[in-house]
Amino acid sequence: MKGSIFETLIISELMKSRYNSGLESNLYFWRDRSGTEIDLIIEKGNKLMPVEIKSGQTLNQDYLGSLRKWQTISGKTSINPILIYGGDMGTETLGIKTVS
């Protein structure tokens with residue numbers, strides 16, 4: 001349940017922040033037929049920013065798989081992919097920003 005609770009916490013805090021700033025939610029979820037999913041898609045104008053949320057404290061390259069697939073599928077409509085995880089180091093790997 002830790003992963004689900006962590007994901008819900010991140011998304012609810014982001015929604016609260018957007019609503020308190022007077023913005024619409026513009027938050028979506030995506031899953032394809034093969035089960036690949038992106039936890040959060042943020043609409044920014046005519047661009048989409050994918051966000052993957054993982055509760056693990058150790059950065060694992062497997063966490064980036066769905067973001068890489070999204071980048072391939074979405075092409076130029078995608079911007080600034082982000083991985084939010086439970087660790088304590090932020091970095092950038094293959095154009096994907098990781099946030100602790």
D32 with K69: basic N within carboxylate O range, under 4.0 Å:
yes
Correct closest heavy-atom pair for R18 and I42 would be NH1-CG2, 4.3 Å
Could you tell me the separation between the CD1 atom of I84 and the OG atom of S55, rounded to the nearest 0.5 Å?
12.5 Å
Q71 versus P81, closest heavy-atom pair with distance:
NE2-CG, 3.2 Å
Which pair of non-hydrogen atoms, one from Y63 and one from G56, has the smallest distance, and what is that distance?
OH-CA, 3.4 Å
Applying the 4.5 Å side-chain criterion to the ILVMFWY set and letting contacts propagate, would I73 and L40 be lumped into a single cluster?
no
E43 and Y28: side-chain donor and acceptor closer than 3.5 Å?
yes
Measure the shortest side-chain to side-chain distance between K44 and I79 over non-hydrogen atoms and say whether it is less than 4.5 angstrom.
yes
Approximate separation, where rounding is to 0.5 Å, of K54 NZ and L64 CG:
10.0 Å
When you compare the side chain of W30 with that of L48, does any pair of heavy atoms fall below 4.5 Å?
no
Does the side chain of L83 come within less than 4.5 Å of V99's, by heavy atoms?
no
I41 CD1 to S74 OG distance, which is reported to the nearest 0.5 Å
8.0 Å
What's the spacing between T8 OG1 and E13 CD if we round to 0.5 Å?
11.5 Å
Are I82 and M89 linked, directly or through other ILVMFWY residues, by side chains that come within less than 4.5 angstrom of each other?
no
Co-membership, hydrophobic cluster, residues L67 and L27, 4.5 Å side-chain:
no
Cluster overlap Y19 with L14, hydrophobic side-chain contacts below 4.5 Å:
yes
To the nearest 0.5 Å, how far apart are CD in Q61 and CD1 in I96?
8.5 Å
How long is the gap from OG on S78 to CE on M49, to the nearest 0.5 Å?
9.5 Å
Are I53 and I11 close enough that some pair of their side-chain heavy atoms sits under 4.5 Å apart?
yes
Are I38 and E52 side-chain neighbours, meaning at least one heavy-atom pair lies under 4.5 Å?
yes
Minimum heavy-atom distance between L59 and Y85, given as atom pair plus value:
N-CE1, 3.9 Å
Any side-chain heavy-atom pair of R31 and F29 under 4.5 Å
yes
